[in-house]
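Below is one structure, written out as structure tokens; the observations come after it.
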Amino acid sequence: MVSLKSVVPKFFEGYRKTAVFAITSRCNCKCYMCDLHRREPQQISLSDAKRILDFLSENKFLIVYITGGEPTLHPDIVEIVRYANSLGLVTSMTTNGTASKELLLRLKNAGLYLMSVSLDHWDEGICEKIRNHEGIMAKQVEALRYLSSIGMRTYALAFLNSFLVEDGVEKLVKYVNDVVGVPFGFCYPTTTNINSYRLGGSISKDDYSNKLRRSVETIMRLKKSGRPVANLVTYIEDALNLEAVRTPNFYCKGGEDVIYIDWFGDVYPCFQKSKLFNILREKPRLQRNIQCNDCLINCFREPSLLPQILSPRLLVKEAYYSYSNRKIFK
């Protein structure tokens, strides 16, 4: 099984890249911030998934973040995780919390290193409004508690939606930490349809932006006070730097050290930029010397810090503030 002990030597051998691998577009939620449920379901075959994982291993990728859609709906998800683990890849996954306990246990036994579970609010009704799935919050909380009980590295992942920034993010952080008993992590909204800003009330786009900034400031304060917050403090600082139009501590390396691969095998620098190549049919063309500051998508911005982690100012800072999350990283 992949462990921190086995990862460290690979890191010093140059394995530092991250792939965000969307294996299916299928999902059993209809989230207001996502339109995949309106599209024809797609998924990658097991054989093509293995070819892609082979490519990642051969090209010094260290982490594969498995996503979707809802990745646990892929019929071969356990085998995909098992195969990635056999190659020495660190596997991470985010789920909407609807998978069965039996499947969660099988994923752990297959070698899944980390699983985050979406949880967008402390109010059941609001969670259902966001995800359009009856009883979703209870399922998410149960999944988080079960994953903790079986020794799985886990945390609750919240999209900073309009309801949450309106009502105050501190309450959710404390609920996740103290009641559910796991660390808290957040996704930063990059683009949101104006209708999404207005769901649940009359909050305007400008007001949303102001409250979003204050929410990130609150998360930073809680992180520095010792609260288990999974996001890197350097990333949180850069979220505030971007809002204030300040130079970031570190730039995003999407397309160079982090890539997005979809269920067709198409490779992109991130969710917002044009296709680079098809990993199954074309010669790879990864980019070089990328310094992007266009957005704050966690999936690409935070993994971009990994190849730069030996920077003294980054290493010391993250080591100091990551103690409360030691169960995730060990």
Side-chain angles (χ1 to χ4, degrees), residues 18 33 94 116 118-121 155-177 183-192 194 196-197 203-254 257-258 269-273 290-309 311-325 328-329:
T18 298
M33 61 280 196
T94 295
S116 56
S118 297
L119 182 61
D120 302 306
H121 205 274
Y155 64 94
L157 183 63
F159 170 74
L160 294 183
N161 58 82
S162 54
F163 299 100
L164 184 57
V165 301
E166 176 81 359
D167 297 338
V169 72
E170 184 166 357
K171 185 172 181 178
L172 181 60
V173 175
K174 292 181 177 179
Y175 174 78
V176 165
N177 290 169
F184 167 90
F186 72 92
C187 285
Y188 192 95
T190 301
T191 56
T192 307
I194 189 65
S196 297
Y197 289 120
I203 184 169
S204 68
K205 184 173 181 178
D206 288 341
D207 203 19
Y208 178 89
S209 296
N210 291 333
K211 291 180 178 180
L212 174 61
R213 183 183 65 256
R214 288 196 290 272
S215 294
V216 176
E217 290 171 347
T218 297
I219 293 170
M220 174 68 88
R221 172 175 56 81
L222 294 170
K223 170 95 174 179
K224 289 188 172 180
S225 73
R227 282 275 172 186
V229 173
N231 301 85
L232 299 176
V233 71
T234 305
Y235 169 78
I236 303 173
E237 285 180 349
D238 277 341
L240 296 172
N241 284 337
L242 186 64
E243 285 292 327
V245 198
R246 291 192 293 259
T247 302
N249 293 306
F250 294 90
Y251 288 95
C252 184
K253 308 286 282 183
D257 292 328
V258 191
C270 64
F271 297 147
Q272 292 191 323
K273 295 188 180 294
I290 298 299
Q291 289 191 329
C292 186
N293 200 39
D294 291 349
C295 75
L296 285 162
I297 300 176
N298 304 60
C299 300
F300 304 93
R301 194 86 182 215
E302 289 196 274
S304 291
L305 294 170
L306 180 61
Q308 307 170 74
I309 195 68
S311 165
R313 66 190 177 108
L314 179 59
L315 182 62
V316 172
K317 183 189 300 182
E318 294 305 333
Y320 180 81
Y321 287 114
S322 294
Y323 182 77
S324 62
N325 295 302
I328 294 179
F329 300 111

Could you tell me if the side chain of [Y] sits less than 4.5 Å from the side chain of [X], heavy atoms only?
X      : Y      : result
Cys187 : Met33  : no
Tyr251 : Gln308 : no
Arg221 : Arg227 : no
Phe250 : Ser311 : yes
Val258 : Leu306 : no
Ile219 : Phe184 : yes
Ser118 : Thr94  : yes

Considering all heavy atoms of both residues, which atom of [X] and which atom of [Y] are nearest to each other, and what is their separation?
X      : Y      : value
Leu172 : Leu119 : CD2-O, 3.8 Å
Tyr155 : Pro183 : CB-O, 3.3 Å
Cys292 : Lys273 : SG-CE, 3.8 Å
Leu160 : Tyr208 : O-OH, 2.5 Å
Phe159 : Asp120 : N-OD1, 3.0 Å
Phe186 : Ile236 : CE2-CG1, 4.0 Å

Is it the case that the side chain of [X] and the backbone of [Y] share a donor-acceptor pair, with hydrogens and angles ignored and the cut-off at 3.5 Å?
X      : Y      : result
Ser304 : Lys253 : yes
Asn298 : Tyr188 : yes
Glu302 : Asn231 : no
Glu318 : Leu232 : no

Rounded to the nearest 0.5 Å, what separates atom [atom1] in [X] from atom [atom2] in [Y]?
X      : Y      : atom1 : atom2 : result
Ile309 : Leu315 : CD1   : CG    : 6.0 Å
Asn249 : Lys317 : CG    : NZ    : 4.5 Å
Leu164 : Leu212 : CG    : CG    : 10.0 Å
Lys211 : Ser162 : NZ    : OG    : 10.0 Å

>> Regarding Asp238 and Asn241, do their side chains bring together a donor and an acceptor under 3.5 Å, going by distance alone?
In response: yes
> With Val229, which of Met220, Lys224, Lys223 fulfils side chain to side chain contact (heavy atoms under 4.5 Å, CB included)?
Replying inline: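 Option passing the side chain to side chain contact (heavy atoms under 4.5 Å, CB included) with Val229: Lys223.
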